[in-house]
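Quick caveat: nothing in here was measured; it's all calculated off a predicted structure. Within every chain, numbering begins at 1; the chains are lettered A, B, ... in the order of the sequence lines, protein sequences first and strands thereafter. Only this structure's heavy atoms are used, side chains among them; waters, hydrogens and symmetry mates stay out.
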Protein chains: 2
Amino acid sequence: MPKRLTLKQVAEVLQVSTATVSNAFNRPDQLSANLRESILKRCRELGYHGPSLAARSLRRGESNVIAVMLADSLSYNFSDPVANQFLQGVADILEVHNKQLLLLSSDADSLQQSSAESLPDGIIFYGTPHKEIFERILATGKPAIAVDFEQDRLASVNVDNFSAARQAAEHLFSQGIRHIAVMGLRLVESRRVCRLVEADLHAPSTEISSRRLQGYLAAAEAAGVSLSAEQIWHIPLNKEEVARQAIREALTSQPRPQALLCMSDVIALCAEQQARELGICVPDELKIVGFDDIPQASQAAVPLTTVCQQSREKGRLAAKRLLDGDLSGELLLETRLVVRGSSVQAGSSATSQSIS
Amino acid sequence: MPKRLTLKQVAEVLQVSTATVSNAFNRPDQLSANLRESILKRCRELGYHGPSLAARSLRRGESNVIAVMLADSLSYNFSDPVANQFLQGVADILEVHNKQLLLLSSDADSLQQSSAESLPDGIIFYGTPHKEIFERILATGKPAIAVDFEQDRLASVNVDNFSAARQAAEHLFSQGIRHIAVMGLRLVESRRVCRLVEADLHAPSTEISSRRLQGYLAAAEAAGVSLSAEQIWHIPLNKEEVARQAIREALTSQPRPQALLCMSDVIALCAEQQARELGICVPDELKIVGFDDIPQASQAAVPLTTVCQQSREKGRLAAKRLLDGDLSGELLLETRLVVRGSSVQAGSSATSQSIS
DNA sequence: TTGAAAGCGATACCAA
DNA sequence: TTGGTATCGCTTTCAA
């Protein structure tokens, strides 16, 4: 097996100095076009395809790699449609800028050990990372940006979760609905599905889910609708398998809620499916409102009314700001309620209207 | 902004040699537990969180990073449910082994330039990569494994696409269906939706889509069903927006096919939705069979009959083989036809049966 | 336009 | 158990 060639060896074979070969790759202006061409050509023949990333970034202090630091595990993020949209947006921009993508999880032990965060030239935090790792990275002084959480020491890209959620709830209350259940995502620390207790309502955090809950509550209060802790479920993971249990509980509780306010589309779509299995007709007997506007939301049998939070655009903006060095202040993306399926019939195509 | 500390500086402050600090991080057995503890503690206080990845991998010749080389663009892969499942599987294993994940696209210009492939300790090729990059990486002699394509110089993880597709088609023909349309994925080079022509049928490649097509054709022949080029659509990308056009064409052609054989679940689910919009009742008036068994397949309004190809497990196995150095031969995963919705009624829960 | 040489930060050998 | 030191592959300044 031919051990990878080094620039030095190549230089030797070509009878030029290492500097010249290096320049051929990195600084075309430092040598004649002719020479450069011939060097690159011979390199290709020899099987030398460019400088080693490790050595180059050691020397230059930059790597051309951007990291996304995920709050949860990698595999969880690959399974989550919202995260996927976000990563699509990030990838859109990185591809244009010729940057490579390193996926890191603040959840993983590996980070404690390998300090892989030292490689990338910049870091996008997606969701609230573990404190220790967060501090560690901030201390490096590398460019970084926060997405979906707030951090006074960092620029951020975010949406107004409070207003978005309030709007979603208002949509229901304005239809005269008085009895709802909230399918909440990660509202408390527990790893199992459960309902909230009164105290949970008075411990608002800055986490997006807490914001959304506050938005729901505000809308309820404004509409004079009572919404108590026992009508609010905690779902620890944005996964169908997990959501199902909470939804079953809610849909079989007496009296059955007229509507489900779901903190994600994954939950909402699962609710739709569960309702179908239980023989509950959506939207006649049960209204469902989601959050996120993932692609599947519009394709569902009963197209989902939800809050569009432009996840892909969020990824684009975060990556753009990071690469442009535009690292101050908070950027709030617009959200809008997408009302769907208000007049769907078999044979007619779905309608959807936006309310902004 | 405090520039990142180096191991050397730390050693100086702590009044020990660099070797000792290095050992504290990498070789606990090389120094007393006491000393090690105190060094690590002081490092934390100083804000030194471990050796730089670039320097360490330059020196050690390994980086703790594994790359997945995607045949298509990053953002496309994030949007594809099958790719997401695969990446979940890869991530499952990498997390256990404390490896970081670098996502590379053989599509991107950036690779030509940055030779980012030099960093990772091993590479998983997902789908047929561009030839040039493929050769380049093989030449490095790094551990690598091929997924979803065949390559005599590389170990691989794959499924038997021919048999799987044949089985899917047989399922239809055994129900007496004689007139079908094939919604094919990437069957020819064109970037637009089109039907095949006769010549395309006689140019079988080793690409998975070609294999699947051959499987369909074999089943048709065995069943005495005619399946000609004009009944076969080419869809260039596994995206709903793209598939829609082909599906519309197929569903509005006269006579309308009794069944759609779809080369992916994304296409099949899109077909289901289109049928709904056109007022065609699935499965009474139109049968649909997919391929992949993505999570949404079982959640659809009409649960989808499809071929399960264990994408996540594929990712797991590929990563496992790579990390275990088990790099010879081809590993074929089992596929199985998952028949769903054969007796679904509103109010009753879905049934599904496996035929292996 | 080219070449010589210093050094990026860490590791691992060998000696003490 | 610890310390000195050559070296990993490359970039870049400076001098020729």
Side-chain angles (χ1 to χ4, degrees), chain A residues 2-39 43 46-64 113-121 140 142, chain B residues 2-40 43 46-65 113-121 140 142:
Chain A
K3 178 77 183 138
R4 200 174 193 281
L5 283 175
T6 71
L7 185 148
K8 195 170 160 196
Q9 295 172 300
V10 170
E12 203 163 318
V13 174
L14 299 202
Q15 303 273 38
V16 295
S17 83
T18 59
T20 305
V21 180
S22 175
N23 285 332
F25 278 98
N26 305 304
R27 326 182 56 173
D29 52 312
Q30 296 295 301
L31 72 177
S32 69
N34 271 344
L35 180 57
R36 181 174 130 95
E37 263 322 309
S38 86
I39 289 181
C43 280
L46 290 170
Y48 180 80
H49 301 289
S52 117
L53 216 189
R56 138 180 293 201
S57 44
L58 173 57
R59 181 59 232 233
R60 304 230 296 202
E62 63 173 61
S63 60
N64 241 5
Q113 303 166 20
S114 83
S115 69
E117 81 275 7
S118 69
L119 185 71
D121 300 331
T140 67
K142 291 201 183 182
Chain B
K3 176 79 183 137
R4 200 172 192 281
L5 283 175
T6 72
L7 187 149
K8 197 171 160 193
Q9 295 172 301
V10 170
E12 202 165 319
V13 175
L14 300 201
Q15 302 274 38
V16 295
S17 85
T18 60
T20 305
V21 180
S22 175
N23 284 333
F25 280 97
N26 306 303
R27 325 182 59 173
D29 51 314
Q30 295 298 301
L31 70 177
S32 68
N34 271 345
L35 181 57
R36 181 174 130 93
E37 264 322 310
S38 83
I39 288 182
L40 292 182
C43 281
L46 290 170
Y48 180 80
H49 302 289
S52 119
L53 215 188
R56 138 182 291 203
S57 44
L58 173 58
R59 180 62 234 229
R60 306 229 300 198
E62 63 173 64
S63 59
N64 242 3
V65 170
Q113 304 166 19
S114 83
S115 72
E117 82 274 7
S118 68
L119 185 71
D121 300 332
T140 67
K142 291 200 183 181

A.B. asks: Mind calculating the distance between CG (Asn26(A)) and P (dC10(D)) to the nearest angstrom?
C.D. replies: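 Computing the Asn26(A):CG to dC10(D):P distance gives 10 Å.
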A.B. asks: Could you tell me the separation between the CD atom of Gln30(A) and the P atom of dT12(D), rounded to a whole number of Å?
C.D. replies: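 Checked: the CD to P distance equals 10 Å.
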A.B. asks: For dG3(D), take OP1 and OP2 only and decide whether either is under 4.0 Å from a side-chain N or O of Ser17(B).
C.D. replies: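 For Ser17(B), the contact criterion (side-chain N or O under 4.0 Å from OP1 or OP2 of dG3(D)) is met.
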A.B. asks: Rounded to the nearest angstrom, tell me the gap between atom NZ in Lys8(A) and atom C1' in dG3(C).
C.D. replies: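 Distance check: Lys8(A) NZ to dG3(C) C1' gives 14 Å.
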A.B. asks: Measuring from the side chain of Thr20(A) (C-beta onward, heavy atoms only), which nucleotide among dT12(D), dT2(C), dT2(D) has the closest atom?
C.D. replies: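 Nearest to the side-chain atoms of Thr20(A), counting from C-beta on, is dT2(C).
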A.B. asks: Between P on dG3(C) and CG on Leu14(A), what's the gap in Å once rounded to a whole number?
C.D. replies: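 Roughly 11 Å, once rounded to whole Å.
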A.B. asks: Could one point to a donor on the side chain of Arg59(B) or the base of dT7(D) with an acceptor on the other under 3.5 Å away?
C.D. replies: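 Present.
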A.B. asks: With a cut-off of less than 4.0 Å, is there a side-chain N or O of Arg27(B) near OP1 or OP2 of dA12(C)?
C.D. replies: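 For dA12(C), OP1/OP2 do have a side-chain N/O of Arg27(B) under 4.0 Å.
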A.B. asks: Say whether, by atom type as modelled, one donor and one acceptor occur between the side chain of Ser115(A) and the main chain of Ser118(A) under 3.5 angstrom.
C.D. replies: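 Answer holds: no.
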A.B. asks: Is it the case that the side chain of Thr18(A) and the backbone of Lys8(A) share a donor-acceptor pair, with hydrogens and angles ignored and the cut-off at 3.5 Å?
C.D. replies: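 No; zero donor-acceptor contacts below 3.5 Å.
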A.B. asks: May I ask you to evaluate whether Arg56(A) reaches the phosphate of dC10(D), defined as a side-chain N or O under 4.0 Å from OP1 or OP2?
C.D. replies: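 Indeed not, no polar side-chain atom of Arg56(A) lies that close.
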A.B. asks: Determine the contact category for Ser32(A): base if any of its heavy atoms lies under 4.0 Å from a base atom, sugar-phosphate if only primed atoms, P, OP1 or OP2 are that close, otherwise nothing.
C.D. replies: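 Touches sugar-phosphate only.
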A.B. asks: Kindly say if Asn23(A) contacts the phosphate of dT2(C), meaning a side-chain N or O under 4.0 Å from OP1 or OP2.
C.D. replies: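 No, outside the criterion.
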A.B. asks: Any chance CD of Gln30(A) has more than 12 other-residue heavy atoms, nucleotides or ligands included, within less than 6.0 Å?
C.D. replies: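 For Gln30(A), atom CD is crowded (more than 12 foreign heavy atoms under 6.0 Å).
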A.B. asks: Could you give the CZ-to-P distance, from Phe25(A) to dG9(D), as a whole number of Å?
C.D. replies: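 About 16 Å, once rounded to whole Å.
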A.B. asks: In whole angstroms, how far is the C1' atom of dG9(D) from the CD atom of Gln9(A)?
C.D. replies: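 The distance from CD of Gln9(A) to C1' of dG9(D) comes to 10 Å, rounded to the nearest Å.
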A.B. asks: For a quick check of understanding: with a heavy-atom distance under 4.0 Å over all strands, which category does Tyr48(A) fall into, base, sugar-phosphate or nothing?
C.D. replies: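 Counting heavy atoms under 4.0 Å across all strands, the contact made by Tyr48(A) is with sugar-phosphate only.
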A.B. asks: Whole Å only: how far is the CG atom of Leu119(A) from the P atom of dG9(C)?
C.D. replies: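 Atom-to-atom, Leu119(A) to dG9(C), this comes out as 14 Å.
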A.B. asks: Mapping Thr18(B) and Arg60(A) onto DNA chain D by nearest heavy atom, which one lands closer to the 5' end?
C.D. replies: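 Nearest nucleotide further toward 5': that of Thr18(B).
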A.B. asks: If I take atom CG in residue Leu31(B) and atom P in nucleotide dA12(C), what distance separates them, rounded to the nearest angstrom?
C.D. replies: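 It works out to 14 Å between those atoms.
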A.B. asks: Does Ser57(B) offer a backbone N or O that forms a donor-acceptor pair with the side chain of Ser63(B) under 3.5 Å?
C.D. replies: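 No; zero donor-acceptor contacts below 3.5 Å.
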A.B. asks: Is it the case that Asn64(B) and Arg56(B) place a side-chain donor and acceptor less than 3.5 Å from each other?
C.D. replies: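 Judged by distance alone, the side chains do not pair up.
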A.B. asks: Is the phosphate of dC10(D) approached by Ser22(A) (side-chain N or O, under 4.0 Å from OP1 or OP2)?
C.D. replies: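 For dC10(D), OP1/OP2 do not have a side-chain N/O of Ser22(A) under 4.0 Å.
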A.B. asks: From the list dT2(C), dG9(C), dT11(C), which nucleotide is the closest neighbour of the side chain of Ala55(B)?
C.D. replies: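 Closest nucleotide to the Ala55(B) side chain: dG9(C).
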A.B. asks: Please classify the nucleic acid contact of Leu58(B) as base, sugar-phosphate, or nothing, using heavy-atom distances under 4.0 Å.
C.D. replies: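 Base: the residue Leu58(B), judged by heavy atoms under 4.0 Å, touches a nucleobase.
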